[in-house]
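Everything numeric in this text was worked out from a predicted model, so none of it was measured. Letters go in sequence order (proteins before strands), and every chain restarts at 1.
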Amino acid sequence: MKKLLSGSEITMSFGKDKTTKVLKGVDIAVGEGEFVALMGASGSGKSTLLYILSSIETADEGRVFFDGIEISKLNERELADLRRKEFGFVFQQPTMLKNLNLLDNIILPAANDQRDRKALAERALELMAKTGLEGLEGRGITEVSGGQLQRAGICRAVLNHPKIIFADEPTGALDSKSGVEVMKLMTSLHREGIAILLVTHDIKVAGAAQRVLVMKDGEIQGEIRFETDDIEKRERALAELLRNKP
Amino acid sequence: MYFKLIANDIKNSRLISTTVVVFIFAASMLMAAAAGIGVRLASSIENLFDQAKTPHYMQMHAGEIDRFRLGRFVQDHPDIEEYLVAEFLNIEGTQIQFDGRSLADSVQDNGFVAQNESFDFLLDLENRPIVALPGEIYVPIYYMKSLGLSVGDKAKIAGREFTVAGFVRDSQMNAGLVSSKRFVVHETDLQSLEPIGIPEYLIEFRLNDLSQIAQLESDYINQGLESNGPSAITYALFRLINMIADAMMIAVLAIVGLLVILISFLCVRFTLLAKIEDEYKEIGILKAVGIPQRNIRRIYLAKYLFLAGIACALGFLAAQFLQSFLVQNIELYMGKSDAGAVPELLGAAASLVVFLMIYAYANGIVKGFDKISAADALRFGVPSEKDGRLSKFQLAPSSLPGSFFLSVHELIVSKKVYVTMLAVLVVCVFIATLPADMHHTFADRSFIGYLGLGDYDLRIDIAQMDDIVERAEKIMDELDADSDIASANLLISKVFDVPLGSGAAQKIKIELGDHQLIPVNYTRGAAPTAENEIALSELNAQDLGKKLGDHIGLIVDGRYRSFIVSGLYSDITNGGKTAKAAFESESGAVLWAVIVIRLTDGVLPEEKLSAYRERFGDVKISDVNGYVDQTFGGTKEAIGKVALISSLLALVIAFTLTLLFMRMLYFKDKKQIAVLKAVGFRNADINLQYVLRAMIVLLLSLLIGMACTRTVGRSLGTLILSIFNISGVRLLGSAAIRYFIAPISIGISVAFGTILGVRGIVHLKISELIKE
Ligand SMILES: Nc1ncnc2c1ncn2[C@@H]1O[C@H](COP(=O)(O)OP(=O)(O)OP(=O)(O)O)[C@@H](O)[C@H]1O
Ligand SMILES: [Mg+2]
């Protein structure tokens, strides 16, 4: 599998004088079209790593490559273009513009593109139909459920045909039924060839991935690549891994 | 009990809290100072008028006085408590010198007087009536300030030595606006100066009953008593003239204070909205656990009550310092006030009003918390601006570029927020253009239209000599031979009587001659051509109660003759009351003559001016600009200064307000900006949105501001000009200023303010706002 995204020797500290080391030299890679899940205890540095890899945060040290380009060498405009064209984001909390309706929020990333607005809206409506949101395009973001909003977020993330989606606990704020729907969606995106890097605490969610990395205290301490398609076996193996290296 | 909460809150938002405090402080200070100074001013004037026993009615007169007739007039009016005729010896500025500097450039009429005996006392700086000894001179405060004189300085009046023994606080002629000034000398010195001056007289009355002033005025005029001079001045007018400059300062303080209150409102609004945005969830939780609305409101209000309370109190204290500085001028010209604690009390009341306004406003905003539903807050963590109702204006169906759409959309959704900015910018446009328009009106060539003389190049004024008419005719003969002159027109002004019903008569000054050669602009009707026609200035027509086509009777050569009003025109010279006619008359005192000259094309007025000045040394020759400068130069300059200062003020306000406004918007919008960045908007795209919004608001405010200047501004401008004794002038706008300089400079201020205000966008970290 060809490498799509990779980070090497990533370190990151916070606090006054950068005293709290949050990432201690992490090496990580995601292949083209690969579905990778990140697990680990709260505070172990998962979100921080995800943001660094997705250019939303800058690491203290280490290098991040996307598609052969070192992203720390890009300027602000190039980074913005990269985020718009190649990346998709799904966050735990809905991150939408509060005064726009769902449809407008979904087409937002392409708002400044020189694209036919009609075709764009059609694509968005298609995506909404696929994610079970038909008829909701005119609603405000407080007029739909949390699960529906999260699915709309996924529609927005894939609008520009990204190569990779970054998701930080996309099911964290949802009930289990909505969570399942969101994960079905993720799986189908993966089947379409989009790579996914997803942070989660949920074994069931991580079970949908091809590979799971486990973080502890700013380091990747464990890894598992699923050989089987059997969900139950996957979950058992994962539980095993977490029990050994929590 | 809230103290810890408040302290924490303030610590966490130091910048915003400081801003709020600074603005409320400034508002409180300005309002308290305006109130305090207002009281002091009124009290000082009252005090001065009491000490000086200012006349209730005063008429200046140049020429003989029939004292017997005046005495009879007084006897017929038992309401007159006292009267006097004071000599005012008008001495040329060139003859008055202090340390070698003469008053030649002074626009003032400088008169020498002796102290009055019964009233209209000229006071020293301690408000005591001046007693001048021989050889001593007391100088008007106006010159003390402008020449920097002090006691003991030497003065030379027409070659005679005097010592400056003190300064004159003159309840009538203190103000720079008044065009006469009085110097006080000893009786004998006044007599010895008589040969070099022109004596004029101040005829003054004091009444037992102030309500009788109007009656006295009309009787005085109707009985045709001495009145060869500017219109009479009444007690109320003296008061107004003394106050006007300082009253304007107070008005400016109050207006700026109101603006600052508006800005404080903005601050409070934004900080509170940002707070709601930030703590939406917390508010929801407080509600969910059953804390009453009132208590929640109180938590958020407490901080503002605390900050506003401190700021208002400090502002009040600072106002006391500001006042002591600003009242220096008032105290110099009008003396100390004896209002006791009233200025402080009223100032405190003003500060309290500011506090209550802020409180009421903040309370209104916090009431909005009531609408937050606990469920929504917990579920979404972000408030929706309008209870979930979305605007009809949507991105998907439109074909506008994204940034432009988002800018306009935000304006529509958050109208209320931007209306405040709009209002302030409208005020800025208004104060930037109105004084400039007024100034422009004076500078424009069409201003000659108000000088009552038609469109001329040069004028020759012949006055103050025994043989005015002969001299004028001799000059005319010489001008006829000059080929550089296209036309020259001699107009002779005489005074005639207009008989009134009661047997009394009113004086009217009429300019006789050919009024078709170089015609003025007639607002209605046409120039008088026939022997029985007369044209009146607008003000004169108003005064006499005549309209176009009306009849008016005059005594000409001892006979009653009837005239028809053939035309009306604007004239702001000679108090605005003039008339023109074409008849011939042997009688009537000649006041002055003027020759109006139009040059042939290509002849430079400046060259002709100096040539004629050499040739006709004894008369006054001026070109249009020179005449306007001499007559209205002071006013023009004063208005020019006002225009400059207010334009700069407008720019400063536009800049600071926009900066502040955008900074607050930025804080409020941080989360939304992070979302835009995360989905791939460039910093430049987001910056552009704010600039676009600012520009749209600016454009609207330019349109509204200019419409205001054209409508309200016109009447306001005319009103202000009438304070300077110039009536009937229609305000002209300078296209360059209105449509070019003002919009561009305000635009630049707004653009800079915006860019600086939202400069945080570049550094905004997406991760900090999206994580958690
Ligand atoms: N901006 C910040 N300033 C200071 N410390 C931070 C900041 N962001 C993260 N941290 C700290 O870095 C550590 C890692 O945070 P991170 O959000 O990456 O953890 P996580 O693994 O995603 O945890 P969770 O599962 O709870 O989301 C934590 O201890 C956190 O307190
Ligand atoms: Mg996390």
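Note on A/Leu50, A/Leu97, A/Ile107, A/Asp116: by heavy-atom pairs under 4.5 Å with chain B, the leading option is A/Leu97. Contact count against chain A (heavy-atom pairs under 4.5 Å) is highest for B/Ala678 among B/Pro401, B/Ala678, B/Ala684. Most heavy-atom pairs under 4.5 Å with chain B: of the set A/Arg117, A/Lys85, A/Arg84, this distinction falls to A/Arg117.
At a 4.5 Å heavy-atom cutoff, the contact between B/Leu676 and chain A is made by side-chain atoms alone.
One N or O on the side chain of A/Asp104 and one on the backbone of B/Leu395 form a donor-acceptor pair closer than 3.5 Å. A donor-acceptor contact shorter than 3.5 Å links the side chain of A/Asn112 to the backbone of B/Ser403.
Between A/Leu108 and B/Leu406 the shortest side-chain heavy-atom distance falls below 4.5 Å. Put simply, the side chain of A/Phe91 does not reach to within 4.5 Å of the side chain of B/Val675, judged on heavy atoms.
Minimum interatomic distance between A/Leu100 and B/Phe405 (heavy atoms only, all atoms of both residues): CD2-CE2, 4.0 Å. Nearest heavy atom pair, residue B/Gln672 against residue A/Met96, reads NE2-O, 4.2 Å. Closest approach of A/Asn99 to B/Glu410, counting heavy atoms only: ND2-OE1, 4.0 Å.
Using a cutoff of 4.0 Å between basic side-chain nitrogens and carboxylate oxygens, A/Glu76 and B/Arg682 are not scored as salt-bridged.
In this structure, NZ on A/Lys98 lies 7.0 Å from CG on B/Asp669, to the nearest 0.5 angstrom. B/Asn683 CG to A/Leu79 CG: the interatomic distance, rounded to the nearest 0.5 Å, is 10.0 Å.
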